[in-house]
Amino acid sequence: MTSGAALADTHEDISSVTTTPPVAEKREHSYTHHGITISDPYDWLYDKSYPEIDDEDVLDYVRAENAYFEAAMEPQAALTEALFTEMRARIKEDDSTVPQRRGDYLYWSEFDEGAQYRKHYRKPVAAGDDAQGVLILDENALAEGHEYFRLGALSVSRNGRFLAYSTDTSGAERYTAVIKDLETGELLADTIPETRTSLTWVANDTAIVYGKANENWRVLDARMHVIGTRVEDDVILYEEQDESFSVGAGLSAQEDYLIISSGDNETSEVRFVSAADPTGEQVLVKPRAKGVEYSVDIREGTVWVWTNDEHINFRLARADIAAPGDWETVIAGSDEFYLTDFELFETFFVTEGRRNGLDQVEIRTYDAPTSAQPIAFPEASYDAGLSNNPEYDQTVLRLSYESMVTPDSVYDYDVASASLNLLKTQEIPSGYDASLYTTERVEVQARDGTMIPVSVVMRKDRADILAAQGIEGPGPLHLYAYGAYGYAVPPGFSTTRLSLVDRGFAYAIAHIRGGDDLGRRWYLQGKLFERTNTFNDFIDAGRGLIARGFTAEGMVTASGGSAGGELMGAIVNQDPRQYGAIVAHVPFVDVLNTMLNAELPLTPGEWQEWGNPIEDKAAFAYILSYSPYDQVKAQDYPPMLVTAGLNDPRVTYWEPAKWVARLRDMKTDDNTLLLKTNMGAGHGGQSGRWNSLRETAEEYAFILWQLGMAEGAE
């Protein structure tokens, strides 16, 4: 057995341990809650000085796993490079966004050929179409010299003079905000560390409102920084006392009110104050009530409210600004229509939602708000919604649209004429012929009788592609899902996905409970004490696709990240034979331990999603029953690739590390198990479009390798 200490002895020549998988030492550790004692021999992989990670035993184990990953993947280097090359060839390197007006300027961003990051430009509207853009921010210059870089907030003052933006150079999602004078091109002396929110201009463009991450990475306040003053003197406009809540701020439709919101995953509370005088008296819209979510916008003396207080699928209400808590229904909640958002403009407003799981965008007037003018979309299954529409007096709406066979498209919708104008379709330089592909939406019955929608895309000539590779009968199928927090995975387009589909894979998205694909109830049926519905739905979706002839047992590959990584951990514990390969990105697999640790950044805010096992014995027992780390057993597991980020504040590095250590100890097979930890990145993996793309190429190379499709796949 190779202990952490023994790994430290090989630190100078790590190559000596790359031919066999590292084996983490077991160190006796246990804890007891509600009379139940749990043994956790890999607890030592949690460096107790976190967020500082300086335990050499921990670091040496992580490094040894990385060395083993590199050695194991080395024979697939040519395949990985071939996949990366073809994926990159599908991306227009010098791409740009469609310019959009805000105030007196048009704004857009561009990639230079070969560049990892964007450049941001603007030009005066009055200058005309032939005028050159002025570079206002170059992400590539900001990223220079950093292993990791991500742009956070980007906010131009209403007068167009100042640009506030924030950056993260570690992956820890603690951003540093600065202010640039766009007239002189100089950075001001103002530097605001530890932000995690938007940057909102107030007080006639003399100040910005932001949220500061505390020592536990939680944003519990809204602060105002006045240009030219010390950050230490910033005013706290609102401070939240409930550690499970988080705070955010933004402007109303007419930008005359600052709206400060506080809430967790199930309860909201909102205040507003004059944006011209943010330190003035705040108005509470309605006191928080457990289980009641609401958000507001304000237009011409009327407060508009989106809330679930009367119906699970939300209603739209309004109130006089003098009595903002007296809500009058405008659009009643409906079992058929799931209202997900609204946006106010000068002469009309827009509601967004889903009907039968399909996106709906509807134009409504203030005089007759219950009469909707729906925007018609051309396909039976798609992903569509409002894009960037920054002007209150907007008469033409910017929309985004895509499907599993239609590349990302940008439209302008003229409200007066009800006409769609295509501005741009995602260009695929290496070529793409949509007629070669077919997509369908099928329903598969889960074990409790619930019908689970699944979106599938594949080549029409899939059988011929497989036959050319000597594969007879059903071919491989890749199944993806997330299944948490009410996030619906859209049936959208992906250029990287083509690298599997063009090799004969069917690619499927399972719209499982835990997301809100079919309404709010769909989400609630996959959280708290109904969490296992999510895992069962995914397993049953795969089994149903096997029964329908899309694939066969052992030829299903699957992937998911974060809470979707938890999903991967649960399904391999329950039904390992179904899968030929699993990829779990930054997987939330040590669920019980994390929910028991109130000092971790996200834990208090997560109890509404998973349950509080500290106080609730039933929650403790239920989480224990499915927590992937705790439920690892002595059985065969499919080949698995697991990723982590050393600086990840969302799913801490030790969760995948502990899980892999326990899997190595208990699994009864010789299948490949790899752990890759990004040492200078966080939850989203490596930054930069090419670095991120290479990680996808590695993932697909692993999948093809494990299915025996690597040879000739180049």
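Predicted model, so just to flag it, every value in this text is computed and none were measured. Atoms considered below: every heavy atom in the structure, side chains included; atoms not considered: hydrogens, waters and symmetry mates.
Less than 6.0 angstrom separates the ring centroid of Trp654 from the ring centroid of Tyr50. Side-chain rings of Phe535 and Tyr626 approach one another, their centers coming within less than 6.0 Å.
Side-chain atoms of Asn533 and Asn536 include no donor-acceptor pair closer than 3.5 Å. Side-chain atoms of Asn678 and Glu695 include a donor-acceptor pair closer than 3.5 Å. Side-chain atoms of Tyr637 and Asn573 include a donor-acceptor pair closer than 3.5 Å. Looking only at atom types and distance, the side chain of Tyr629 has a donor-acceptor partner in the side chain of Asp40 under 3.5 Å away. Using a 3.5 Å distance cut-off with no hydrogens or angles, the side chains of Thr677 and Glu65 do not pair a donor with an acceptor. Side chain to side chain, Ser262 and Glu240 meet the donor-acceptor criterion of an N or O pair below 3.5 Å. Side-chain contact check for Tyr294 and Asn308: no donor-acceptor pair (N or O, by modelled atom type) lies under 3.5 Å. If you check the side chains of Tyr485 and Asn265, you find no donor sitting under 3.5 Å from an acceptor. His511 and Ser455 are linked by a side-chain donor-acceptor pair at a separation below 3.5 angstrom, with hydrogens and angles left out of the test. Arg218 and Ser246 share no donor-acceptor pair across their side chains, judged by distance under 3.5 Å alone. With 3.5 Å as the limit, one finds no donor-acceptor pair spanning the side chains of Ser562 and His585. In summary, the side chains of Asp636 and Thr668 do present a donor paired with an acceptor at a separation below 3.5 Å, with no hydrogens or angles considered.
For Asn612, the side-chain hydrogen bond (donor to acceptor under 3.5 Å, both in side chains) criterion is met by no residue, not counting sequence neighbours. When the side-chain hydrogen bond (donor to acceptor under 3.5 Å, both in side chains) test is applied to Tyr700, no partner is found at least two apart in sequence or on another chain.
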Go through the steps for Gln635 and Lys667 under the test side chain to side chain contact (heavy atoms under 4.5 Å, CB included), then give the verdict.
-> CA-CA 5 Å; Gln635 64 176 4; Lys667 71 191 189 82; over 6 Å; no
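Ion pairing between a basic and an acidic side chain is recognised when a charged N comes within 4.0 Å of a carboxylate O; Glu293 and Arg520 show such pairing. Residues Lys26 and Glu28 are not paired through a salt bridge, judged by the lack of any N-O separation under 4.0 Å between the basic side chain and the carboxylate. The pair Arg150-Glu173 does not count as a salt bridge, with every side-chain nitrogen at least 4.0 angstrom from each carboxylate oxygen. Residues Asp448 and Arg513 are paired through a salt bridge, judged by an N-O separation under 4.0 Å between the basic side chain and the carboxylate. Classification of Glu56 and Arg63 as a salt-bridged pair holds, one side-chain N sitting under 4.0 Å from a carboxylate O. For the pair Arg543 and Glu553, the salt-bridge criterion is met [side-chain N within less than 4.0 Å of a carboxylate O].
For the side-chain contact (heavy atoms from CB on, under 4.5 Å) with Asn214, the qualifying choice from Val219, Leu220, Asp221 is Leu220, the only one to do so.
Under the 30°/60° scheme for interplanar angles, the aromatic rings of Trp705 and Phe702 are found to stand perpendicular. Ring geometry, Tyr487 versus Tyr482: the interplanar angle exceeds 60°, so the pair is classed perpendicular (tilted spans 30 to 60°). By the 30° and 60° cut-offs, the orientation of the rings of Tyr622 relative to Phe529 is tilted.
Residue pairs meeting the salt bridge (Lys or Arg N to Asp or Glu O under 4.0 Å) criterion with at least one partner in residues 605-634, sequence neighbours excluded, are absent.
Under the 4.5 Å side-chain criterion, counting only non-hydrogen atoms from C-beta, Met595 is in contact with Val591.
The number of heavy atoms from other shown groups lying within 6.0 Å of CZ (Arg521) does not exceed 12. For CG of Asp54, the number of neighbouring non-hydrogen atoms (other residues, nucleotides, ligands) closer than 6.0 Å is greater than 12.
In this structure, Val660 and Tyr61 approach most closely via the heavy-atom pair CG1-OH, 4.3 Å.
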